[in-house]
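Before I ask anything, here is the structure I am working with.
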Amino acid sequence: MDDGATPLTAIAESFEGLAKLVNSLKDSSQELRLDTLCDACSLVSVLFSSLGLAFKFAELEYVSKVRDLVEASKKHETLHTILDADIANDTVKTPGSHTRNLRRVRQGLDLVRALFEQFMSTDEYSLREAASTAYTQVCAPYHSWTVRTAVSAGMYTLPTREQLLIKLNETNQSAQKKMRRYIDASGPVIEYIDKLYISRKITLDW
């Protein structure tokens, strides 16, 4: 197996670089570039597509939101500037706003983190159980009954653990190592994004 060329390798390496960058930003005058974040986030979409119908909602929403932020990065250099622009225009929570889309992308990163944690918790844990728990923790509180029902039904179409590993060109052991790397690296990135909202008195419960 070519261990260096898998989607999980690319994701783990990219987020480790992003986490190192975020951790190096010592004061508020140093800001994370939006295009840098988008480069890392765009790699995650392959995971949602590998999960099939159950996570189609996540794939479509996540991919469209990342695409919006990529476009926004042509005008706004950093994450700070998109939040400040929406605050100035009173469009923070308006559907389609960059601030709202960044919130949804952050939610997608957290969903993958939770899924990986559940996947690694035991080899006996089915992917459906892992995905259901992760979805309930991260996304369900913010989704309508209709979306939650559709996701619940779609969970039965998920691939098995073995099928997912084949799709990702991984063994169970190699996948778990890279999932752990992503979990560790995504934490500081998610925290950095959350702090941008909190510092501007924007709540996180939406």
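In what follows, residues are counted from 1 in the order of the sequence shown.
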Distance-only donor-acceptor pairs under 3.5 Å for side chains of residues 39-48, two or more places apart:
from: Ser42; atom 1: OG; to: Cys38; atom 2: O; distance (Å): 3.3
from: Ser42; atom 1: OG; to: Asp39; atom 2: O; distance (Å): 2.8
from: Ser45; atom 1: OG; to: Ser42; atom 2: O; distance (Å): 3.0

* Asked: Under the side chain to side chain contact (heavy atoms under 4.5 Å, CB included) test, which residues partner Thr157, sequence neighbours left out?
  ->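 Scan of Thr157 (side chain to side chain contact (heavy atoms under 4.5 Å, CB included), adjacent residues dropped) gives Leu53, Ala54.
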Item to check | Sidechain-backbone polar pair: Ser199 side chain, Leu196 backbone, donor-acceptor under 3.5 Å | outcome: yes
### Message
Check whether Ser64 reaches the backbone of Glu61 with its side chain - one donor and one acceptor, N or O, closer than 3.5 Å.
### Response
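A pair under 3.5 Å: yes.
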task = Evaluate the side-chain proximity of Asn23 to Tyr192: yes if any heavy-atom separation is below 4.5 Å, no if none is.
result =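 No, side chains not in contact.
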Side-chain donor-acceptor contacts of residues 139-146 below 3.5 Å, not counting sequence neighbours, with atom names and distances?
from: His143; atom 1: ND1; to: Tyr135; atom 2: OH; distance (Å): 2.8
from: Ser144; atom 1: OG; to: Val147; atom 2: N; distance (Å): 3.3

- Taking side chain as C-beta onward, heavy atoms only, is Val105 less than 4.5 Å from Leu37? no
Distance col, row Leu204:CG vs Arg106:CZ, nearest 0.5 angstrom, shows 7.0 Å
The side chain to side chain contact (heavy atoms under 4.5 Å, CB included) partners of Glu191 (sequence neighbours excluded) come to Lys195
### Message
Within the 4.5 Å heavy-atom criterion, are Ser50 and Leu164 side-chain neighbours or not?
### Response
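Yes; the side chains approach each other to less than 4.5 Å.
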The side chain to side chain donor-acceptor pair (under 3.5 Å) partners of Lys201 (sequence neighbours excluded) come to none
query = Yes or no on side-chain contact (heavy atoms from CB on, under 4.5 Å) for Ser97 and Val92, after CA distance, side-chain angles and deciding distance?
reply = CA-CA 6 Å; Ser97 76; Val92 167; 5.8 Å; no
#### Entry: Ser73 OG to His98 NE2 distance, which is reported to the nearest 0.5 Å
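It is 9.5 Å, given to the nearest 0.5 Å.
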Q.
Are the side chains of Arg180 and Gln176 in contact, using a 4.5 Å heavy-atom criterion?
A.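 Heavy-atom side-chain distance check fails, nothing below 4.5 Å.
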Say you draw a straight line from CG of Asn101 to CD of Glu71; how long is it, rounded to the nearest 0.5 Å?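 Asn101 atom CG to Glu71 atom CD measures 12.0 Å (nearest 0.5 Å).
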Exercise. Salt bridge or not for Glu117 and Arg113, using N-O below 4.0 Å?
Worked result: yes
- Query: Would you say Lys178 and Thr9 make side-chain contact, with heavy atoms under 4.5 Å?
  - Reply: yes
CA sep, side-chain torsions, deciding dist, call: Leu32, Thr78, side-chain contact (heavy atoms from CB on, under 4.5 Å) = CA-CA 6 Å; Leu32 179 63; Thr78 70; over 6 Å; no
Scanning both residues in full, the closest heavy-atom pair of Ala185 with Ala19 reads O-CB, 3.3 Å
Check: Quick one: does Ser152's side chain have a donor or acceptor within less than 3.5 Å of a partner on Thr149's backbone?
Finding: no
Go through the steps to decide whether Leu8 and Tyr182 satisfy the test side-chain contact (heavy atoms from CB on, under 4.5 Å), and finish with yes or no.
CA-CA 8 Å; Leu8 282 185; Tyr182 172 82; over 6 Å; no
**Item:** Non-hydrogen side-chain atoms of Arg103 and Asp194 separated by less than 4.5 Å
**Value:** yes
Can you list the steps and then say if Thr91 with Thr99 is a side-chain contact (heavy atoms from CB on, under 4.5 Å)? CA-CA 8 Å; Thr91 53; Thr99 299; over 6 Å; no
Check your understanding: Is any NZ, NE, NH1 or NH2 atom of the basic residue among Lys65 and Asp68 found under 4.0 Å from an Asp or Glu carboxylate oxygen of the other?
Key -> no
Practice task
Compare all side-chain heavy atoms of Glu77 with those of Leu34 and state whether any distance is below 4.5 angstrom.
Solution key: no
> Does a side-chain N-to-carboxylate-O contact under 4.0 Å join Asp86 and Arg100?
Replying inline: no
same_hphob_cluster(Leu79, Ile202) at 4.5 Å side-chain heavy-atom cutoff:
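Yes, it is one cluster - the side chains of Leu79 and Ile202 are joined through contacts under 4.5 Å.
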Rounded to the nearest 0.5 Å, the NE2 atom of His76 sits from the CD1 atom of Ile82 at a distance of 7.5 Å
* Hey, are the side chains of Ile87 and Arg200 touching, using non-hydrogen atoms and a 4.5 Å cut-off? ->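 Heavy-atom side-chain distance check passes, below 4.5 Å.
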Residues passing the side chain to side chain contact (heavy atoms under 4.5 Å, CB included) test with Glu162, sequence neighbours excluded, are Thr160
ask   = Under a 4.5 Å side-chain heavy-atom rule over Ile, Leu, Val, Met, Phe, Trp and Tyr, are Leu60 and Val138 clustered together?
value = no
| task | Would you verify whether the NZ or CZ of Arg161 falls within 45 degrees of the ring axis of Phe119 while also being under 6.0 Å from that six-membered ring's centre? | result | yes
